[in-house]
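These notes are about the structure you will find just below.
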Amino acid sequence: MSATPGRIAFATVVAFLGIAPFLPMAGMKQYMLHVVIQIFIWTFIGQAWSLMGRFGLVSLGHGAFLGIGAYATTLLWNFYGLTPWIGSLVAVALAVVMAFLVAYPCSRFGIIGHYFALTTLAVGEVVRLLIIAERDWTGGSLGVTLKAAGDASFIALQYADKQVWYYVGLVLWLAGLWVWARLDRSMARAAMEAIGEDETAAASVGIRVTRFKLWLTVLSAALTALGGVAYAQYITYVNPETLSGIGVSLRIVFAVVLGGMYSLLGPTVGTALTIALSEWLRIVFGVKFIGMAETIYGLLLVIFIIFLPAGIYGSLADLVRRRRRPAAAPATA
Amino acid sequence: MLELRNVTAGYGAFTALWDVTLAVERGEAVAVVGPNGAGKTTLLRVISGVIAPRGGDFVFEDAPLGGRPAHEIVAHGIAHVPEGRRLFPALTVTENLKMGAFLRSARKDFRDSLERVYALFPVLAERHRQRAGSLSGGEQQMLAVGRALMSRPRLILFDEPSMGLAPVMVLRLFDLIRRVREEGYTILIVEQNVRQVLKLVDRAYLLEVGRVKMHGRAAELSEQDFVRKAYVGL
């Protein structure tokens, strides 16, 4: 059996799973635990984004779905005492409706590529501005804290113990990997790749272009909303800047582009690196240079898109593949 | 086999096709010729389901297909070789052919269809692992035709296949279409290269500003003074 990148990725995940359940018990510091939980949750969101991104459906407004997810459950709990277990279903339903409202007209009227990206960018901002404008409900730009329900409440999905969130995050991350791998092996992937390359050609062989694009956008939005719910329940505080709008939307994109959106572990590697980077920048610069982190993100994003479009993980995987089979890369004359 | 009766179609307030009546019999090769802007491409778009006709009937093998979506048209046995070939350049030859058999009905016959295409175009079998974008122009044309055959059609639509090809390639292209025809497929071809296409087909329709101006046997049509002067340039 040769070590293809797919097998290496699979082995890495299995090996990690072997030790993952015991990591928090090995006296992991609270801070480390917090960082790892963030990585799990944001990776899940990045995986959801990459379901679209890898097929050329570049969304710069996933903050919209994230915000809808986080705010829907939070407000339902605070105002009506509705448990997040049901609230999250409402949140997903709302995100699906929103995705449909954006994606249907876009694919119907051929808004693709850059134009699609710009449309989603606007949608993300609209959701952020709506959250700020409805301040009686949402607390405006100050955000809103979840009504506390004790140190450990199943009904409220609130746990002060970070270990619980570690396992929740782990499950989410695995679920994201599973959806990704499932889609990767399906006929839908072939259809989406064809659509990504040439919509006219795809339609000419009988692929239902509009239906596939809608389906994928809805799936991606639903998972992103779930990620928003998980993040809100973990932090127990929601804020329009951290959960909606351009800033957070671009962070999701950046993490995935950095790691590589065409490979299973790309979003994981990218998210881990960006979170590590932002923690490091926070410690180094503190509050001295506000906006420094964003500036460095932006620069890195430009550099990566130009020099490593397959991302760090994707490029490494390609390298391994080429090393193993030097003869398999045909010289195209 | 295919019958259009008084089909009218257009875009927004603009009408590109007026009252077009056209028929293709099983086993026939039929051409639609005419100058730029005559409505040839609109005609194919109606047949392949990209746009819905505004009026008239469109029947294929007794099934009324007017206004049905593209994937249903393909499922009914009409394949489309789009203008400019429209391959998936980053996919390999085999993957391109696989996409041609995307529909459930075609998927189960995939192996068999693949062998038939490779038998018809052996050069594609030689290059099956190569990316479509790295093929020569002629090979890409074969692949575009092969991909259309993968959906197991009975009627194949060709949209301006000679567009953008060098004259020597155009001759080879028409050879290729002739071979497809000899395999028993029915063909409807839209072309600007009137002289060449009239040598290939049985009958032809001449379209002008959205209306059928003339139709008849290809040999007779190419003898008409009007056609010779206006389109063949003899």
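Numbers restart at 1 for each chain; the letters A, B, ... are given by sequence-line order, proteins then strands.
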Open item on the list: For chain B, which candidate among Gly196(A), Ala202(A), Ala203(A) shows the most heavy-atom pairs at distances under 4.5 Å?
Closed with: Ala202(A)
Return the minimal non-hydrogen interatomic distance between [X] and [Y], and the atom names on each side.
| X | Y | result |
| --- | --- | --- |
| Phe102(B) | Ile207(A) | CD2-CG1, 3.6 Å |
| Val205(A) | Val74(B) | O-CG1, 4.1 Å |
| Ala201(A) | Phe88(B) | CB-CE2, 3.6 Å |

For [X], is the [atom1] atom crowded, meaning more than 12 foreign heavy atoms sit under 6.0 Å from it?
| X | atom1 | value |
| --- | --- | --- |
| His76(B) | NE2 | no |
| Tyr104(A) | OH | no |
| Arg54(B) | CZ | yes |
| Arg178(B) | CZ | yes |

TODO: Mind ranking Ala70(B), Ser48(B), Pro89(B), Ser151(B) by heavy-atom pairs under 4.5 Å with chain A and telling me who comes out on top?
DONE: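 Result: the option with the highest number of such pairs is Pro89(B).
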TODO: Against chain A, work out which of Ala75(B), Ala90(B), Gly84(B), Ala79(B) has the most heavy-atom pairs shorter than 4.5 Å and name it.
DONE: Ala90(B)
Taking atom [atom1] of [X] and atom [atom2] of [Y], what is their separation to the nearest 0.5 Å?
| X | Y | atom1 | atom2 | answer |
| --- | --- | --- | --- | --- |
| Glu197(A) | Arg86(B) | CD | CZ | 12.0 Å |
| Ser204(A) | Ile78(B) | OG | CD1 | 13.0 Å |
| Asp198(A) | Met99(B) | CG | CE | 11.5 Å |

Open item on the list: When you compare the side chain of Met187(A) with that of Arg107(B), does any pair of heavy atoms fall below 4.5 Å?
Closed with: yes
Task: Chi angles and distances behind the side-chain contact (heavy atoms from CB on, under 4.5 Å) call for Leu91(B), Glu193(A) - done: CA-CA 9 Å; Leu91(B) 302 186; Glu193(A) 256 169 19; 3.9 Å; yes
TODO: Check whether Pro69(B) gets within reach of chain A through its side chain, its backbone, both or neither, counting any heavy atom under 4.5 Å.
DONE: neither
- [ ] Check each atom of Arg85(B) against the heavy atoms of chain A and say whether the ones under 4.5 Å are side chain, backbone, both or neither.
- [x]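 Contact with chain A is absent: no heavy atom of Arg85(B) under 4.5 Å.
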